[in-house]
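What follows is one structure encoded as structure tokens, with my remarks underneath.
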Number of protein chains: 2
Amino acid sequence: MTKTKRDSYHHGDLRSALISAAEEIIAAEGVEGFTLRKAARKAGVSPGAPTHHFGSMAGLLTQVARRSYEALGKQLAGAAEGLEGNAALRALTAVYVRFARDYTGRFRLMGRTDLIELEDDDLRAAVYRAMRPLAAAAAGTRGLGVPTPEFERLDPRLIAAIAPAHGLAHLATEGRLAATMRSGEVDAQAQDALVDEVLRALWP
Amino acid sequence: MTKTKRDSYHHGDLRSALISAAEEIIAAEGVEGFTLRKAARKAGVSPGAPTHHFGSMAGLLTQVARRSYEALGKQLAGAAEGLEGNAALRALTAVYVRFARDYTGRFRLMGRTDLIELEDDDLRAAVYRAMRPLAAAAAGTRGLGVPTPEFERLDPRLIAAIAPAHGLAHLATEGRLAATMRSGEVDAQAQDALVDEVLRALWP
DNA sequence: CTTTTGTCTAGACACTGTTTAGATTGCGTG
DNA sequence: CACGCAATCTAAACAGTGTCTAGACAAAAG
């Protein structure tokens with residue numbers, strides 16, 4: 001589809017072309033449908049080419065994961081505006097779950113510790129930045145400082161805010177939140193309603 | 001190690017030998033270290049043999065996942081005894097997290113929808129049975145019926161009990177619950193303490 | 001214009017899961 | 001007991017995979 005054409009021996013911007021190709025494959029076929037060679041073919045390049053830019057498949061997927069965390073962070077930041085306390089926590093969690101449902105491929109990749117380089121500094125920073133709105137909400141609600149970037153020694157109350165979101169998101173992607181229609185598709189509205197009920201039980 | 005010896009052409013009990021082999025590999029090298037051929041070699045059998053018993057790799061791993069859910073269910077059932085209300089929920093969640101930490105390979109497999117056959121009836125039943133203690137605790141706490149076996153149209157209050165456990169477990173396996181020592185190993189005691197704090201914030 | 005540096009290809013390697021056809025065995029039945 | 005059937009397993013191949021090593025090519029630097 002987005003097969004980047006080649007007129008010259010050199011590609012020009014292969015690095016970002018491969019990232020885009022990977023994102024498209026993951027969006028269309030999921031993480032399990034992704035192969036490095038597919039991405040190379042989509043970019044119109046030989047199987048060995050990606051190695052020069054990313055070192056390994058995990059290197060490429062780490063970039064995709066980083067960008068995905070940035071996207072999630074943006075959505076979270078937007079959702080928290082103008083809200084405070086438990087209302088903010090509910091809104092943030094709802095967005096977290098919607099992200100997992102709407103971008104299941106990306107979300108699954110973010111949890112695949114075998115496919116990405118967790119120790120990558122840029123990735124860690126992106127994860128930290130993405131979680132900031134949740135941290136802020138937890139702090140606003142319960143009097144708690146923003147966590148250190150190392151993401152270690154986290155405050156239990158922040159974890160208490162992240163865990164339900166993470167858990168709900170996983171349940172959603174596994175189709176365990178009811179809301180599956182007869183067509184097999186996910187009934188987004190019904191799912192949102194269910195999530196809202198859960199959230200009102202957790203953060204009244 | 002546990003290489004099952006062969007004296008005759010037929011194995012005798014290849015089916016369960018393959019399941020055991022798979023469990024050992026997953027325990028030792030994680031899901032990402034598992035290959036079907038490895039399991040076959042460990043059972044002292046040709047690469048094509050497993051297909052006759054399980055149809056595909058997913059068939060074998062589905063059995064491993066089923067047994068893992070049974071193990072988890074046993075631990076949950078044991079943890080709930082003699083406890084009521086939020087104390088039961090806290091104990092159950094703590095066990096859930098400990099299971100994920102102590103049997104990370106198994107736990108990761110349970111979440112890999114691409115490696116197992118989610119629609120398998122035995123698996124679904126095992127999942128349902130494993131979650132019963134959580135459902136009972138949520139019911140005892142908040143006046144809620146035990147969910148239907150189809151695991152659809154779940155009560156939001158039950159989901160509110162499962163989600164934090166699931167989320168905490170994932171965070172634990174990703175090493176995001178502090179509690180990682182300088183050696184790189186997980187400080188189980190510190191992690192348990194942190195989880196306990198989180199749980200007291202969620203279910204006071 | 002030449003050299004150096006960064007990109008990319010070609011081909012191979014050691015794997016993977018699965019399929020095919022055939023060899024081997026145990027078991028129920030005559 | 002002997003026979004044939006059905007179950008079980010093997011051997012070999014197939015189409016893939018990620019990654020490595022040479023070397024080909026092109027653009028930038030001297």
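Because the structure is a prediction, the values reported are computed rather than measured. Throughout, a chain's letter reflects where its sequence line sits, starting with A, and its residues are numbered from 1.
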For residues 68-78 of chain A, which side-chain N or O atoms pair as donor and acceptor with protein atoms under 3.5 Å away, sequence neighbours left out?
from    : atom 1 : to      : atom 2 : distance (Å)
A/Ser68 : OG     : A/Val64 : O      : 2.8
A/Glu70 : OE2    : A/Arg66 : NH1    : 2.8

Let me know the distance between [atom1] of [X] and [atom2] of [N], rounded to the nearest Å.
| X | N | atom1 | atom2 | result |
| --- | --- | --- | --- | --- |
| B/Arg37 | D/dA12 | CZ | P | 13 Å |
| B/Ile25 | C/dT16 | CD1 | P | 10 Å |
| A/Leu36 | D/dG16 | CG | P | 16 Å |
| B/Glu117 | C/dG17 | CD | P | 15 Å |
| B/Asp114 | C/dG17 | CG | C1' | 14 Å |
| B/Glu29 | C/dC15 | CD | P | 14 Å |
| B/Lys38 | C/dC15 | NZ | C1' | 11 Å |
| B/Leu14 | C/dT24 | CG | C1' | 15 Å |

is_close_aromatic(B/Tyr103, B/Phe107), centroid dist under 6.0 Å: no

For A/Phe34, all residues meeting ring pair (Phe, Tyr, Trp, His ring centres under 6.0 Å), sequence neighbours excluded: none

Residues forming a ring pair (Phe, Tyr, Trp, His ring centres under 6.0 Å) with B/Phe54, sequence neighbours excluded: none

B/Arg41 side-chain N/O to C/dC15 phosphate OP1/OP2 under 4.0 Å: no

Presence of A/Thr35 side-chain N/O under 4.0 Å of D/dT17 phosphate oxygens OP1/OP2: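 Yes, within the criterion.
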
Near-strand residues of residues 48-67 of chain B, defined as heavy-atom separation under 4.0 angstrom from DNA chain C: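 B/Gly48, B/Thr51, B/Ser56, B/Met57 - these, ordered by number, are the residues of the stretch whose heavy atoms sit under 4.0 Å from the strand.
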
5' precedence on DNA chain D between A/Pro47 and B/Arg15 (nearest-nucleotide basis): B/Arg15

Which residues share a side chain to side chain donor-acceptor pair (under 3.5 Å) with B/Arg200, sequence neighbours left out: B/Asp196

Gap between atom OG1 of A/Thr35 and atom CD1 of A/Ile25 - 0.5 Å precision: 6.5 Å

Acceptor/donor pairs from residues 158-169 of chain B side chains to any protein atom, 3.5 angstrom cut, sequence neighbours excluded:
from     : atom 1 : to      : atom 2 : distance (Å)
B/His166 : ND1    : B/Tyr96 : OH     : 2.8

